[in-house]
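Sharing a structure here in structure tokens format.
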Amino acid sequence: MQKIILITGGSRGIGAATAYLAAQYGYAVAISYVHNRTTADGVVTAITAAGGQALAVQADVAQEADVLRMFVKVDEVLGRITALVNNAGVLEAQSRVEHMTAERITRVFATNVLGSFLCAREAVRRMSTAHGGPGGAIVNLSSRASKLGSPGEYVDYAASKAAVDTLTIGLAKEVAAEGIRVNAVSPGLITTDIHASGGEPGRVERLKDSVPMGRGGTAEEVAQAVLWLLSDAASYTTGTCLDVSGGR
Ligand code: NAP
């Protein structure tokens, strides 16, 4: 059976690294992006040039209509997905809670929590044996922030990732007997653009000495964990959260 994966936020960072690795592992790959069409197209071009099959879809995961349109597009072009990676995630400028606006907190939760729920819902509708599907696997991108709390930086983001942890545990139990495994990966300090979104592009360099392994991680190292959790090698693993954080 053809393995078909949808990776939200696959235009760069961890999502793009996961897309490249999934293609190497024989998946037909769909990625979504919200703004960066050029980089998303670049990922698709690189995968197809290497002999793989790939598709990029513009869709804001925080918008239900976009999510529905994205899944229909993937159904039509690649077929029914067998794997979902809820990777799209955002944080905002480093701030103490007392300075956060309601609009900011709502934006962070809309992408990180609502987006993950909506995409998981659409995946279950396609994968669940209760709906005539063949089963499948979901991996959610959480963060070590969900346990560390990110004080002085982005407690809103950390709390949104705690919601992702709970989505992982609850959904895993809900669909375990319907052929679907649901797990999460919790990256620590990974070198991507996300730290610039928080206003500190050099954040990994500043904090790397707090990591027992003494360095930040790479997007590829996170992708390896995601692909393992999706694979049959993890066939008895569900509802778990795998730290990829150099010991931090
Ligand atoms: P990144 O480099 O900032 O990339 C974010 C990706 O998400 C981009 O592809 C972006 O698309 C997409 N995106 C953002 N908002 C979206 C939305 N509303 N709808 C659809 N796509 C959206 O981030 P990253 O560092 O690779 O992080 C990936 C995931 O890992 C996130 O969930 C993040 O919270 C988590 N994580 C990262 C780290 C880290 O240190 N890097 C640590 C822990 C957890 P555009 O390119 O179009 O903007």
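Order of listing sets the numbers, starting from 1, for every ligand and every atom in it. Only heavy atoms go into these numbers, but all of them, side chains included; no hydrogens, no water, no symmetry mates.
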Whether S142 lies under 4.0 Å from ligand 1, heavy atom: yes
Nearest neighbour in protein (non-hydrogen) for atom 8 (C) of ligand 1: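 So the nearest neighbour among protein heavy atoms is S11 OG, 3.6 Å.
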Closest protein heavy atom (residue, atom, distance) for atom 20 (C) of ligand 1: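 Going atom by atom, the protein heavy atom closest to atom 20 (C) of ligand 1 ends up being A59 O, 3.3 Å.
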The one among R37, H35, K161, R12 that brings a heavy atom closest to atom 4 (O) of ligand 1: R12
T237 to N183 - nearest heavy-atom pair and separation: O-ND2, 2.9 Å
Contact with ligand 1 for N87, non-hydrogen, under 4.0 angstrom: yes
Atom 18 (N) of ligand 1 - nearest protein heavy atom and its distance: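 Protein heavy atom with the smallest distance to atom 18 (N) of ligand 1: D60 OD1, 2.8 Å.
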Protein contact of atom 25 (O) of ligand 1 - nearest heavy atom, named by residue and atom, plus distance: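 Answer for atom 25 (O) of ligand 1: T192 OG1, 2.5 Å.
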Closest to atom 38 (C) of ligand 1 (judged by heavy-atom distance), picking from G188, S143, S197, A16: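 It is G188 that holds the nearest heavy atom.
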Nearest protein heavy atom with distance in Å, relative to atom 6 (C) of ligand 1: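 So the nearest neighbour among protein heavy atoms is G9 O, 3.7 Å.
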Which residue and heavy atom of the protein sit nearest atom 15 (N) of ligand 1, plus the separation: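 Nearest protein contact, heavy atoms only, for atom 15 (N) of ligand 1 is V90 CG1, 3.4 Å.
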N or O pair under 3.5 Å between T111 and ligand 1: yes
Selected option - heavy-atom contact closest to atom 5 (C) of ligand 1, from G15, G13, G89: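 Selected option, by shortest heavy-atom distance: G89.
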Distance from atom 34 (O) of ligand 1 to nearest protein heavy atom, with residue and atom: Y157 OH, 2.6 Å
Location of contacts on V34 toward ligand 1, heavy atoms closer than 4.0 Å: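 Both backbone and side chain of V34 come within 4.0 Å of ligand 1.
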